[in-house]
Engineer: 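A single structure is presented below for examination.
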Amino acid sequence: MKILAILYKGGNAATSEPRLLGTVENQLGIRKWLESQGHEYIVSDSKEGADSDFQKHIVDAEILITTPFHPGYLTGDLVAKAKKLKLCVTAGVGSDHIDLNAAVKNGIQVLEVSGSNVVSVAEHVVMSILLLVRNFVPAHEMIERGDWMVSDVARNAFDLEGKVVGTIGAGRIGYRVLQRLMPFDCKELLYFDYAPLPEAAAKAVNARRVEDLKDFVSQCDVITVNCPLHEGTLGLVNAELLKHFKKGAWLVNTARGAICDKDAVAAALASGHLNGYAGDVWNVQPAPKDHVLRTAKNTLGGGNGMVPHYSGTTLDAQARYASGTKSIIENYLSGKAQEPQNIIVGIGKFETKAYGQR
């Protein structure tokens, strides 16, 4: 059986740090295990174009392993060519890089390692909120330049206490963000989600649901995006919605880059309507060198907290999603039932509403 994995290249870092399991070099730690059973295991970061390893090997692979951090985009056209493909495994969380409708149509199962990096991402969200609200990046850049002008930084630095913070999406990550914000004594915690939290869960974090998105954003000082990317969330935060944000609000997106319109976000920063934008997800990954969100700034020359997509690929998270990937493949090879929370697409049908109400 051919098993194809599209992972990100780790370079010298992966050579010196074997715990970087999600890299081409360390191969999720499963090569010996797979080859001992007689399987062919192809691992590459080459994923773009007809000559890529991805497109060459997808035609006869039975299992495809991908990662959100260097996604191999399995389009409907590629699904049609993948005559032997039976299982797609996302090493991590988030399978929007796979045409899920095509997977349903062609009887291809799609699974991910649910929960493997939810804490990692939630921590990154809180960090991003703080670095924006406290104006940390311009302050650090000032020190690196050898300058010292406290007023230039303090004029746009605030406390998180007393602010209204809201999450778009209150699932595994969004809820953990709300939990981690509780000690900051925010004025109020809000959430927008098509499904209300169970009463006890909402009470535990003292969070109020707002059912209208425009109403929701108009109440928030800080908005964090924690929902999956699907047809209903593509371009959700666009120029029209941004008009309803409070002037000077901060926006954090660690979900998927395409949920936020990059040009609209950059324009809102430049105009001063947004005070900051942070996150680690991009509409195309790796992000082009001239991507507008690499250098977008607010009116004071700050407000940018963008980094490469790494919130969910800490060493702790990699250990969890590498183990989970092996478990999913082991279940498939042995005919055992998969853990229900990991199944995005079963055989011929969706098994979750995480990717929209279907």
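For reference, positions follow the sequence shown, starting with 1. The structure presented is a predicted model; accordingly, all values stated were derived computationally and were not measured.
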Engineer: Is the side chain of Arg134 donor-acceptor paired with the backbone N or O of Asp159 at a distance under 3.5 Å, no angle test?
Structural biologist: no
Engineer: Assess whether atom CD of Glu144 is packed by more than 12 heavy atoms of other residues, nucleotides or ligands within 6.0 Å.
Structural biologist: yes
Engineer: Quick one: OG on Ser128 to CD on Glu123, what's the gap to the nearest 0.5 Å?
Structural biologist: 11.5 Å
Engineer: To the nearest 0.5 Å, tell me how far Leu300 CG sits from Asn156 CG.
Structural biologist: 5.0 Å
Engineer: Give a yes or no on whether the backbone of Leu293 and the side-chain of Asn304 come within a donor-acceptor separation of less than 3.5 Å.
Structural biologist: yes
Engineer: Please give me the minimum heavy-atom distance between Ser95 and Thr90, naming the atom from each residue.
Structural biologist: OG-OG1, 2.8 Å
Engineer: In terms of side-chain geometry, is the basic nitrogen of Lys214 or Glu240 positioned less than 4.0 Å from the acidic oxygen of its partner?
Structural biologist: yes
Engineer: Closest heavy-atom contact between Pro68 and Gln285?
Structural biologist: O-NE2, 3.1 Å
Engineer: For Thr233 and Arg256, test the side chains for any donor-to-acceptor distance below 3.5 angstrom and give the result as yes or no.
Structural biologist: no
Engineer: Between the side chain of Arg294 and the main-chain N/O of Ala287, is any donor-acceptor distance below 3.5 Å?
Structural biologist: yes
Engineer: Shortest non-hydrogen contact from Gly22 to Leu7?
Structural biologist: O-CB, 3.5 Å
Engineer: Have a look at Ser311 and tell me which of Asn117, Thr254, Asp280 forms a side chain to side chain donor-acceptor pair (under 3.5 Å) with it.
Structural biologist: Asp280
Engineer: In this structure, are over 12 heavy atoms from other groups packed under 6.0 Å from Lys297 atom NZ?
Structural biologist: yes
Engineer: Do the side chain of Ser218 and the main chain of Asp215 share a donor and acceptor less than 3.5 angstrom apart?
Structural biologist: yes
Engineer: Pairs in or reaching into residues 66-78: which pass side chain to side chain donor-acceptor pair (under 3.5 Å), with residues at least two apart or in two chains?
Structural biologist: Thr66-His97
Engineer: I need the Lys187 NZ to Cys220 SG distance, nearest 0.5 Å.
Structural biologist: 11.5 Å
Engineer: Does Glu35 have any side chain to side chain contact (heavy atoms under 4.5 Å, CB included) partners at least two apart in sequence or in another chain, and if so, which?
Structural biologist: Arg31
Engineer: Minimum heavy-atom separation for Met1 to Ile63, with atom names?
Structural biologist: SD-CD1, 3.8 Å
Engineer: Would you find more than 12 non-hydrogen atoms of other residues, nucleotides or ligands less than 6.0 Å from Asn206 atom CG?
Structural biologist: no
Engineer: Please find the pair of heavy atoms, one from Leu269 and one from Asn275, that lie closest to each other, and give the distance.
Structural biologist: CD2-C, 3.9 Å
Engineer: Mind telling me whether His291 and Trp282 have parallel, tilted or perpendicular rings, with 30° and 60° as the class edges?
Structural biologist: perpendicular
Engineer: Is Ser36 reaching over with its side chain to a backbone N or O of Lys32, donor-acceptor style, under 3.5 angstrom?
Structural biologist: yes
Engineer: Under the 3.5 angstrom rule, does the side chain of Thr167 hit a backbone N or O of Ala170 as a donor-acceptor pair?
Structural biologist: no
Engineer: Going by atom types alone, do Gln55 and Asp51 pair a side-chain donor with an acceptor below 3.5 Å?
Structural biologist: no
Engineer: How many angstroms lie between atom CD of Glu112 and atom CD1 of Ile344, to the nearest 0.5 angstrom?
Structural biologist: 3.5 Å
Engineer: I'd like to know if the side chain of Glu25 and the backbone of Gly11 have a donor-acceptor N/O pair within less than 3.5 Å.
Structural biologist: yes
Engineer: Taking Asn238 for the side chain and Leu241 for the main chain, is one N or O donor matched with an acceptor at less than 3.5 Å?
Structural biologist: yes
Engineer: Do Tyr321 and Val43 sit in one hydrophobic cluster, given that two such residues count as connected whenever their side-chain heavy atoms are within less than 4.5 Å of each other, even indirectly?
Structural biologist: yes
Engineer: So with a 6.0 Å cut-off around CD1 of Ile347, is the heavy-atom count from everything else above 12?
Structural biologist: no
Engineer: Find the distance between CG (Leu34) and CG (Leu333) and round it off to the nearest 0.5 Å.
Structural biologist: 7.5 Å
Engineer: Looking only at the side chains, is there a donor atom on one of Arg208 and Gln219 sitting less than 3.5 Å from an acceptor on the other?
Structural biologist: yes
Engineer: Considering residues, nucleotides and ligands other than Asp212, do more than 12 of their heavy atoms fall under 6.0 Å from its CG?
Structural biologist: yes
Engineer: Counting N and O atoms only, with roles assigned by atom type, does the side chain of Arg209 sit under 3.5 Å from a partner on the main chain of Asp193, one being a donor and the other an acceptor?
Structural biologist: yes
Engineer: Is the backbone N or O of Thr313 less than 3.5 Å from a side-chain atom of Gln318, with the two atoms forming a donor-acceptor pair by type?
Structural biologist: yes
Engineer: Are Lys246 and Asp221 ion-paired here, with the side-chain N under 4.0 Å from a carboxylate O?
Structural biologist: yes
Engineer: Look up atom CD1 in Ile168 and atom SG in Cys227, then write down how far apart they are to the nearest 0.5 Å.
Structural biologist: 6.5 Å
Engineer: Atom CD of residue position Glu211 - does it have more than 12 heavy atoms of other residues, nucleotides or ligands inside 6.0 Å?
Structural biologist: no
Engineer: If you compare all heavy atoms of Val265 against all heavy atoms of Cys260, which two are closest, and at what distance to 0.1 Å?
Structural biologist: CG2-CB, 4.1 Å
